[in-house]
Amino acid sequence: MEDCLFCKIVAGEIPGDVVHATERTVAFRDVNPQAPTHVLVVPRAHHANAAELAAEDPQASAELLTTAAAVAAAEGYADYRLVFNTGAGVGQTVFHTHLHLLAGRPMTWPPG
Ligand code: DGP
């Protein structure tokens with residue numbers, strides 16, 4: 001999709017610190033990390049949010065989770081948090097589905 005930041009990172013048009021890639025997903029480090037490991041896992045194809053991805057491409061949806069688990073394991077973490085922000089009201093700022101993988105520090109609940 002034109003003017004989508006994460007489509008451009010997936011396409012290599014904008015640099016991204018890519019840590020893992022599969023047929024349907026790309027994982028790269030968040031530019032504004034909130035934990036020692038903060039990686040975004042995105043589908044290669046454009047979908048606006050997690051629910052739309054699950055409805056339109058369930059296999060890619062599942063692959064986001066397996067990719068996140070592989071990245072956490074590669075970085076040495078058995079404990080990690082996965083987050084999908086869905087909608088501007090809860091902080092979604094990039095409208096290309098992305099799964100936040102956060103690890104490497106204690107975390108509180110509920111999230112802010
Ligand atoms: P969200 O707020 O859930 O939509 O998360 C968007 C995340 O994207 C946020 O944590 C910061 C990150 N981000 C924004 N612009 C860039 C960028 O140009 N490169 C990378 N790697 N991450 C970005």
Side-chain angles (χ1 to χ4, degrees):
M1 179 180 264
E2 264 179 55
D3 290 332
C4 169
L5 177 63
F6 290 172
C7 282
K8 288 180 179 167
I9 290 176
V10 168
E13 293 166 13
I14 289 177
D17 187 356
V18 174
V19 296
H20 197 89
T22 69
E23 189 183 340
R24 292 180 180 76
T25 71
V26 177
F28 53 88
R29 294 195 192 281
D30 195 292
V31 77
N32 183 23
Q34 302 300 312
T37 287
H38 187 173
V39 167
L40 303 173
V41 189
V42 309
R44 290 182 182 275
H46 186 89
H47 302 269
N49 58 48
E52 288 190 15
L53 177 66
E56 292 161 8
D57 190 345
Q59 201 163 352
S61 191
E63 209 164 294
L64 290 188
L65 298 176
T66 53
T67 298
V71 172
E75 305 232 337
Y77 297 114
D79 297 352
Y80 52 86
R81 183 170 290 179
L82 301 178
V83 175
F84 286 112
N85 290 323
T86 300
V90 298
Q92 186 177 6
T93 59
V94 179
F95 291 84
H96 178 131
T97 312
H98 51 283
L99 177 59
H100 293 261
L101 162 63
L102 299 139
R105 66 166 171 81
M107 292 183 199
T108 57
W109 193 263

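Both ligands and their constituent atoms are indexed starting at 1 by order of listing. We're numbering straight along the sequence, starting at 1.
Formation of a donor-acceptor pair under 3.5 Å by the R44 side chain with backbone atoms of E23 is found in this model. Side chain of Q34 to main chain of N32: a donor-acceptor pair is present (N/O by atom type, distance under 3.5 Å, no hydrogens or angles). In terms of modelled atom types and a separation under 3.5 Å, the side chain of E75 and the main chain of P36 share no donor-acceptor contact.
Between T37 and Y77, the closest side-chain pair of non-hydrogen atoms falls below 4.5 Å. Side-chain contact between P43 and H96 is present, with at least one heavy-atom pair separated by less than 4.5 Å. Contact annotation: the side chain of L82 approaches that of L101 to within less than 4.5 Å [non-hydrogen atoms, C-beta and beyond]. The side-chain heavy atoms of L64 and L53, taken from C-beta on, include a pair separated by under 4.5 Å.
A distance below 6.0 Å separates the ring centres of H98 and H100.
At a 4.0 Å heavy-atom cut-off, ligand 1 touches H98 through the side chain alone. Within the 4.0 Å heavy-atom criterion, the part of L40 lying near ligand 1 is the side chain and not the backbone. The proximity of F6 to ligand 1, defined as any non-hydrogen pair under 4.0 Å, is limited to the side chain. Counting heavy atoms closer than 4.0 Å to ligand 1, residue N85 contributes side-chain atoms (C-beta onward) but none from N, CA, C or O. Residue-level proximity to ligand 1 for I9 is carried by the side chain, the only part with a heavy atom below 4.0 angstrom. In I14, neither the side chain nor the backbone holds a heavy atom less than 4.0 Å from any atom of ligand 1.
When only non-hydrogen protein atoms are considered, atom 4 (O) of ligand 1 lies nearest to T93 N, 2.6 Å. Remark: minimum distance from atom 2 (O) of ligand 1 to any protein heavy atom is reached at G91 O, 2.7 Å. Ranking the protein heavy atoms by distance from atom 9 (C) of ligand 1 puts D30 OD2, 3.3 Å first. Protein heavy atom at the shortest distance from atom 22 (N) of ligand 1 is V31 N, 3.3 Å. Protein heavy atom at the shortest distance from atom 21 (N) of ligand 1 is R29 O, 2.9 Å.
Within a 6.0 Å sphere centred on CD of Q59, heavy atoms belonging to other residues, nucleotides or ligands number 12 at most.
Checked against a 3.5 angstrom limit, the closest N/O atoms of F28 and ligand 1 fall outside it. Polar contact with ligand 1: absent for H38 (N/O pair, distance under 3.5 Å).
In summary, the atoms of ligand 1 found under 4.0 Å from a heavy atom of L5, numbered by their order in the structure, are 15 (N), 16 (C), 17 (C), 18 (O).
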